[in-house]
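Report on one structure; see the data block that follows.
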Amino acid sequence: MGLIICTAVVAILYAIISIFPQWKDSHHKWALVWSSVLGIALAVLGIFVGIDSQKSSQSTTDTLNINLQESRRISSRQLQDSIETQKLKSLVDSQSTRLEKQLLLIDNLRIENTDLNSKLSKSTKEIYDHLTGGDSYLTASIHYAGSLDKTGKIALSNEGKYPIPFSVVICTDLNIKDSRERFDKAIIFNPTNLFGSTYTITNYEVVLDKVNGINLQFQFDYGSPHRMSFHQLRMLYVDNRWMRASRTTVDGKTFYKIDPKFPQQDPEKIFGIM
């Protein structure tokens, strides 16, 4: 660009000298020379300014290109990171869904296993109760044909749904005041296979004392560890009828059955304080 300007300045000077011959004298000649020198200097300065401007422009362009490439690289990296993040999130969501399904499956299996264990436990207990008698227990009464009978037979009742395969019965007469005599006259026997709701009449007799009444204490041992029950039977002859009252103690609980016409209705006065 500067070379073109220089050439143009020289050409213009020669053209002026050719047009105006009078300027060929020394005064005008030196004026033209100095003008040419000034023009050339300005042209050279323009060259340097142009070169510097070109370099500056090129540097700016290069910087912009570098910044553009960096921006593209960053955008590409961000896009890649976004894609990777989305993939990772999708993977985490998928794993979370699978984990929730597995936890639900485990919980369902636990519930089924709990139900199965519960059913198995109930079945096992049912079998055990059928073999041992479970929570069934015995009560006693006196069986007689009529009010004129002088003796009656001991009858046993199973008050549970499970059969009692084995038991030891000890019957003592509490009307006998002497403990040794009471023990000597105790009735001891072993009934077997007493089924639920079964009323069994034994061959063991007791005297029906209409004057003093009947006061019998039954102790039942069922063969199971630490499991026994007690049954006290009181009978009084009132108005030509036998009235009954009983107290049963089993598994830490006490039950009373008292006829409405029994002369006394207070259990403590009938049986005494336990």
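Below, all heavy atoms of this structure are taken into account, side chains as well, without hydrogens, waters or symmetry copies.
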Which pair of non-hydrogen atoms, one from [X] and one from [Y], has the smallest distance, and what is that distance?
X: Val250; Y: Phe255; result: CG1-CE1, 3.7 Å
X: Phe220; Y: Ala140; result: CZ-CB, 4.3 Å
X: Gly213; Y: Trp242; result: CA-CZ3, 4.3 Å
X: Pro267; Y: Ile258; result: CG-CD1, 4.2 Å
X: Gly152; Y: Leu208; result: N-CG, 3.9 Å
X: Pro165; Y: Pro163; result: CD-O, 3.3 Å

Rounded at 0.5 Å granularity, tell me how far [atom1] in [X] sits from [atom2] in [Y].
X: Asn175; Y: Gln217; atom1: CG; atom2: CD; answer: 12.5 Å
X: Ile270; Y: Arg247; atom1: CD1; atom2: CZ; answer: 9.5 Å
X: Met243; Y: Arg234; atom1: CE; atom2: CZ; answer: 14.5 Å
X: His231; Y: Gln219; atom1: NE2; atom2: CD; answer: 13.5 Å
X: Ile170; Y: Met228; atom1: CD1; atom2: CE; answer: 6.5 Å
X: Phe230; Y: Thr254; atom1: CZ; atom2: OG1; answer: 11.0 Å

Side chain proximity check, [X] to [Y], heavy atoms < 4.5 angstrom:
X: Leu156; Y: Val169; value: yes
X: Thr97; Y: Lys101; value: yes
X: Leu216; Y: Thr172; value: no
X: Leu109; Y: Ile106; value: no
X: Phe262; Y: Leu236; value: yes

In the single-linkage hydrophobic clustering (I, L, V, M, F, W, Y; side-chain heavy atoms under 4.5 Å), do [X] and [Y] co-cluster?
X: Leu138; Y: Ile187; value: yes
X: Ile154; Y: Val168; value: no
X: Ile142; Y: Ile176; value: no
X: Val206; Y: Tyr237; value: yes
X: Phe166; Y: Tyr162; value: no

**Study point:** Heavy atoms of other groups near Phe189 CZ, more than 12 under 6.0 Å
**Key:**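 Yes, the 6.0 Å shell around CZ holds more than 12 heavy atoms from other groups.
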Review point. Is atom CD of Gln86 surrounded by more than 12 heavy atoms (other residues, nucleotides or ligands) closer than 6.0 Å?
Key: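 12 or below, so no.
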Partners passing salt bridge (charged side-chain N to carboxylate O under 4.0 Å, His left out) against [X] (at least two apart in sequence or in another chain):
X: Arg180; answer: none
X: Lys125; answer: Asp129
X: Asp251; answer: Arg227

Practice item. Would you confirm whether Asp259, through its side chain, and Lys261, through its main-chain N or O, come within 3.5 Å as a donor-acceptor pair? Key: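 Between the backbone of Lys261 and the side chain of Asp259 there is no qualifying donor-acceptor contact (under 3.5 Å).
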Review point. Got a donor-acceptor contact below 3.5 angstrom from the Asp209 side chain to the Val211 backbone?
Key: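 A pair under 3.5 Å: yes.
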Exercise for review: Establish, from distance only, whether the side-chain atoms of Tyr222 and Ser229 form a donor-acceptor pair under 3.5 Å.
Suggested key: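 Tyr222 vs Ser229: donor-acceptor pair found between side chains.
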Check your understanding: Are side-chain N/O atoms of Thr139 and Glu159 paired as donor and acceptor at under 3.5 Å?
Key ->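 Indeed, the side chains of Thr139 and Glu159 share at least one donor-acceptor pair under 3.5 Å.
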Exercise for review: Using the side-chain hydrogen bond (donor to acceptor under 3.5 Å, both in side chains) rule, pick out the option among Thr249, Thr248, Asn215 that qualifies with Gln232.
Suggested key: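 Only one of Thr249, Thr248, Asn215 forms a side-chain hydrogen bond (donor to acceptor under 3.5 Å, both in side chains) with Gln232, namely Asn215.
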Practice item. Could you please spell out the steps behind the salt bridge (Lys or Arg N to Asp or Glu O under 4.0 Å) verdict for Glu126 and Lys122? Key: CA-CA 6 Å; Glu126 191 75 12; Lys122 289 180 180 179; over 6 Å; no
